[in-house]
Colleague: 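Below is the structure I would like to discuss, written out as structure tokens.
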Amino acid sequence: MAPNETDDTTTAGEVEEPRAGRRKAARYVVPVTVMGVAAATIGLVPALADSGDPDLPDITAAQLIEKIAQSDVERLSGTVKITTDLGLPDLGGLESGLLSGAAGGEDGEGGSSADPSGRLTELASGTHTLRVAVDGPDRQKLSLLENAAEYSLIHNGKDVWGYDSASNEVYHATVDEADAEERSAQQPPATPKDFAEEALKAVDDTTSVKVDGTAQVAGRDAYRLVVEPKQSGSTVGAVSIAVDSETGMPLKFTLTPSSGGSAVVDVGFTKVSFDRPDASTFAFTPPKGAKVTEDTEQDRGHGDFGGKPERGPKSEEDLAKGFDGLRMLGEGWNSIATFDTGAGAGLPTEEEAGDLGGFLGSLGDQVKGDFGKGTVFSTRLVNALFTEDGKVYVGTVTKDALVKAAEAGK
């Protein structure tokens, strides 16, 4: 067997036991929320270099997973890219506008163009270049580079600043120690390392994990770890993680769909340094003449860099609290969440909603089965079936899998 090309497969028994208690929730949370992660978190992304693959010592999948778990990198800076291609319909900007408006972004009433809850939704689609700097849990900076403008989000101790150079608007919030600790425990994935750890929570008997050679990412030697569903019917093809051979920190995360084509999510460094960033990197003073918006709401979530985090579901039981009668069907990567919105509360028919009903119907596929009629709304990763009697089935599974689940539920 060639060096660095191991074909060992790691299953649940080979991964350290502390993860066991999280697997049940992770089977739903990890695959199904990847799309949400792409929309609501800060991501980092580079392409693999074209230079030859480095010659590194052999390592097993279990050893590489352990290396990731033991990685303790807390200081870094670099240039990154994030590419997200969910395959959503082109609605002429309606998609981004809805996301921004829902998050209270620049177009929302009383909102600020510097509010991160609106600006970070831009990462939900397309390719973006960012600069990042991290110095422990209390100092982070992310800058989204745009045409002739820049948006920066800075967390420095108790202060969280957002600055939009295009509009010269500033957002400011403060967090106390309790907020920071809770945010650290509940924040969604923010770096390739975070994405990788979330994906590895899904490792169980339905998952294959193997080391597939080596690569160079941002000038760093790395191992390739590949995570694949063993089951058919999932929209997830594979997750590839480039792991720094020295520090164990994931440098690149790529999720490809089972349907083929480009990656759905591609996150990683193009340039990286593990030296401590200069303290001045995190200093910020509102520019002269800038409009400053103070956020005094203590229950508002602003992701990794600020504010008190939204208390998102952490388990199947917690999820059930947010939806009436939430149930999980299937296992592993083929898990499907289903809940009832109320009899007759499904999508409006064209007759009931006029043009709106026809518009919604045009975005989905009409399906029939023993359950009756329904509409499937699809992306390249997450699919959702809304039945005419108000039931919803959603998961990283194919349309046929959703229809079968709905039929079995009758």
Side-chain angles (χ1 to χ4, degrees), residues 1-12 14-16 18-19 30 42-83 130-137 140 189-203 207-228 237-256 263 265-277:
M1 180 176 298
N4 307 316
E5 293 184 355
T6 57
D7 61 358
D8 54 296
T9 298
T10 298
T11 57
E14 295 178 82
V15 180
E16 58 183 308
R19 294 191 179 93
V30 174
I42 304 155
L44 315 175
V45 169
L48 293 173
D50 293 331
S51 57
D53 295 343
D55 185 13
L56 298 173
D58 289 346
I59 191 169
T60 67
Q63 289 170 335
L64 191 52
I65 289 173
E66 185 65 22
K67 193 174 185 69
I68 295 173
Q70 294 178 351
S71 178
D72 59 358
V73 173
E74 291 191 346
R75 299 175 180 89
L76 63 87
S77 60
T79 303
V80 297
K81 268 186 178 178
I82 177 166
T83 298
L130 309 96
R131 285 198 301 260
V132 297
V134 178
D135 184 9
Q140 304 94 32
T191 67
K193 176 179 171 66
D194 295 330
F195 276 95
E197 289 177 342
E198 288 298 308
L200 292 177
K201 291 177 187 178
V203 172
T207 309
S208 167
V209 184
K210 63 182 180 181
V211 178
D212 187 23
T214 64
Q216 274 210 338
V217 176
R220 305 279 303 185
D221 291 349
Y223 292 100
R224 281 193 181 105
L225 185 69
V226 177
V227 181
E228 297 177 296
V239 171
S240 177
I241 305 167
V243 183
D244 185 74
S245 63
E246 181 180 345
T247 66
M249 186 179 116
L251 299 173
K252 181 178 173 66
F253 175 95
T254 304
L255 187 153
T256 54
V265 179
D266 189 23
V267 185
F269 292 88
T270 56
K271 181 187 295 184
V272 65
S273 168
F274 295 118
D275 295 333
R276 181 195 292 268

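Every value quoted in this text rests on a predicted model; they were computed, and no experiment measured them.
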Colleague: Return the minimal non-hydrogen interatomic distance between T270 and V80, and the atom names on each side.
Modeller: OG1-N, 4.0 Å
Colleague: Nearest heavy-atom pair of Y223 and P57: which atoms, and what distance?
Modeller: OH-O, 2.6 Å
Colleague: My understanding is that only residues two or more places apart in sequence, or in another chain, count here; which of them pass side-chain hydrogen bond (donor to acceptor under 3.5 Å, both in side chains) with T247?
Modeller: D244
Colleague: Strictly by modelled atom types, are Q216 and D221 linked by a side-chain donor-acceptor pair under 3.5 Å?
Modeller: yes
Colleague: Check whether any side-chain heavy atom of P250 lies under 4.5 Å from a side-chain heavy atom of I68, and answer yes or no.
Modeller: yes
Colleague: Strictly distance-based, threshold 3.5 Å: is any side-chain N or O of R224 a donor or acceptor partner for the main-chain N or O of T214?
Modeller: yes
Colleague: Might you point out which heavy atoms bring P277 and L76 nearest each other, and give the distance in Å?
Modeller: CG-O, 3.5 Å
Colleague: Under the rule for side-chain hydrogen bond (donor to acceptor under 3.5 Å, both in side chains), what residues qualify as partners of E246, not counting sequence neighbours?
Modeller: R220
Colleague: Atom CD1 of I59 and atom OG of S245: how far apart are they, to the nearest 0.5 Å?
Modeller: 9.0 Å
Colleague: Suppose we screen for salt bridge (charged side-chain N to carboxylate O under 4.0 Å, His left out). Which residues come up paired with D135, at least two apart in sequence or across chains?
Modeller: R75, R276
